[in-house]
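Below you'll find the structure, written out as structure tokens, and then a few comments.
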2 protein chains.
Amino acid sequence: MSIDLLDPVPKSTLRARIAERLRGAILAGDIPPGAPLVETTLSARFDVSRGPLREALRQLIEEGLVVTVPYTGTHVAALSVDDVHEIYSLRTALEIFAIEQLWARRDERFRRELVERNDALIATIDAGDDRASIETELAFHGLVYEASGHRLLQRSWASLRGRLQLYWAAHHRAHGRRGPRRDSHDSYIAAVLGDDLAAMRAEIADHMRRGAETTERFLNSLEPPAKREGKS
Amino acid sequence: MSIDLLDPVPKSTLRARIAERLRGAILAGDIPPGAPLVETTLSARFDVSRGPLREALRQLIEEGLVVTVPYTGTHVAALSVDDVHEIYSLRTALEIFAIEQLWARRDERFRRELVERNDALIATIDAGDDRASIETELAFHGLVYEASGHRLLQRSWASLRGRLQLYWAAHHRAHGRRGPRRDSHDSYIAAVLGDDLAAMRAEIADHMRRGAETTERFLNSLEPPAKREGKS
DNA sequence: TCATCGTCGATTGTCGACAATCTTGGCGGG
DNA sequence: CCCGCCAAGATTGTCGACAATCGACGATGA
């Protein structure tokens with residue numbers, strides 16, 4: 001996609017590879033939310049020692065995918081409607097900020113790429129590939145953060161992205177299609193590429209509101225009684 | 001200050017204590033920006049093994065206080081004017097969002113506490129205690145995040161706070177007084193506690209602009225030729 | 001003199017074993 | 001029947017040693 005050939009070769013440490021695998025397993029649902037993650041079991045499963053595994057777990061904890069209690073246990077993060085609300089509300093603020101950052105620049109490369117990524121998103125939706133459509137939708141929204149050139153903002157987005165993906169993946173597993181229509185980002189693009197700052201803010205906020213509602217509705221359908229975070 | 005008695009007792013692990021000590025040493029300037037952090041040396045100095053020390057370093061890396069290159073070395077993060085700009089611009093967005101979160105609530109407890117913390121800030125300024133005035137100013141601004149009740153937002157603030165403190169501490173060491181006047185937060189409080197949303201946004205943005213300018217001026221006075229990040 | 005390559009010291013990455021702590025289940029006393 | 005205590009298992013926390021990798025210095029040859 002956007003891999004630069006002059007970038008250094010990825011000198012992956014074991015920790016990084018473990019984190020990648022574990023993240024994939026969690027987001028794919030192989031290890032469901034709330035499931036225990038025992039260090040000794042995982043290290044045996046991956047055929048590595050506990051050292052790198054622990055560090056990989058720390059990273060996933062930082063990303064919000066895993067929670068741990070000292071001397072007691074480690075689990076995949078549980079789903080919670082409060083979290084959904086926080087994720088989407090903060091994301092609204094961050095994404096508006098990101099777009100504001102590149103508002104005056106009129107970056108032609110960005111404008112082109114945004115349309116391209118929307119085409120890619122539509123392609124995966126038409127293909128019926130839900131798994132890929134999650135990736136392409138995240139890539140679509142991720143572009144505004146990448147194009148902002150704001151490294152700290154990109155870190156914040158990465159932190160939100162993992163959490164968001166956890167909910168989307170769970171939704172996909174439970175309900176099959178995740179629901180985005182082909183034209184769901186048309187007004188988004190128009191607002192982002194337009195000239196009306198207030199309209200852009202309103203459109204982003206509305207876009208997020210719709211996303212949050214969908215996700216919250218899914219969560220409520222999953223476990224009506226449990227409101228706050230539950231362990232297993 | 002604001003320690004909740006129903007919160008669990010702090011079961012400190014060695015990793016947490018090491019991170020605290022190291023953070024303190026870095027922010028106090030005992031280990032200046034750019035200085036190397038050798039795991040074996042530090043583990044001997046703290047009389048602990050490298051395991052917990054490494055995990056503490058990972059945490060500080062996450063906080064932006066430390067940078068590392070695989071198999072090569074670890075250093076205290078270097079100061080950079082780009083970082084200052086990013087820190088303050090993102091902080092503007094986050095702090096406005098935080099205040100918006102508790103805008104409609106008219107939280108009396110918050111309004112009281114905000115004034116109290118400003119009094120505490122003024123007290124440390126009057127006492128000429130620069131070290132404490134950094135703490136009280138961070139505590140003052142931190143209140144809006146705490147009162148927002150938004151856990152994810154609080155995490156984001158914590159991530160920014162460490163970086164900010166790194167620059168403020170360096171400024172303090174270089175120039176003695178860090179510069180905030182007694183009344184520097186009067187208009188801030190008025191705007192936050194007022195009724196005019198647009199005025200609030202403008203005031204926060206202006207407050208941050210002033211802070212960023214002060215910090216950037218300090219950095220430029222420190223090393224005029226070095227614009228981007230330099231190692232030692 | 002200079003470029004190139006090999007070697008060596010330094011530093012981080014990884015490993016397996018031991019210690020500290022928490023939870024759970026059962027036992028005894030009330 | 002219930003409550004508190006205790007012991008055992010499970011899990012994470014910590015440790016010291018070994019391996020992989022990197023950067024710099026010096027030898028070597030043109």
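In what follows, chains are A, B, ... by sequence order, proteins preceding strands, each numbered from 1.
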Salt bridge (charged side-chain N to carboxylate O under 4.0 Å, His left out) against [X], all qualifying residues, sequence neighbours excluded:
X: Arg50(B); value: Glu39(B)
X: Glu100(B); value: Arg201(B)
X: Glu213(B); value: none

> Can you list the residues that meet the side chain to side chain donor-acceptor pair (under 3.5 Å) rule with Arg210(B), with sequence neighbours excluded?
Replying inline: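 With neighbours one apart ignored, the set is Asp206(B).
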Heteroatom pairs (N/O) under 3.5 angstrom, protein to nucleotides 7-14 of chain D:
| from | atom 1 | to | atom 2 | distance (Å) |
| --- | --- | --- | --- | --- |
| dT12(D) | OP1 | Leu37(A) | O | 3.1 |
| dT12(D) | OP1 | Thr74(A) | OG1 | 3.3 |
| dT12(D) | OP2 | Glu39(A) | N | 3.0 |
| dT12(D) | O3' | Tyr71(A) | N | 3.3 |
| dG13(D) | OP2 | Arg54(A) | NH1 | 2.5 |
| dG13(D) | OP2 | Arg54(A) | NH2 | 3.0 |
| dG13(D) | OP2 | Arg58(A) | NH2 | 3.2 |
| dG13(D) | N7 | Arg50(A) | NH2 | 2.9 |
| dG13(D) | O6 | Arg50(A) | NH1 | 2.8 |
| dT14(D) | OP1 | Leu14(B) | N | 2.4 |

>> Just the rounded figure in Å: distance from P of dC15(C) to CG of Leu53(A).
In response: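 The answer, rounded to whole Å, is 10 Å.
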> How long is the line joining CZ of Phe46(A) and C1' of dC15(C), in whole Å?
Replying inline: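 Taking atom C1' of dC15(C) as the reference, CZ of Phe46(A) is at 17 Å.
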> Is there any ring pair (Phe, Tyr, Trp, His ring centres under 6.0 Å) pair reaching into residues 77-102 of chain A, and which pairs are they, with sequence neighbours excluded?
Replying inline: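 Qualifying pairs, neighbours excluded: Phe97(A)-His150(A).
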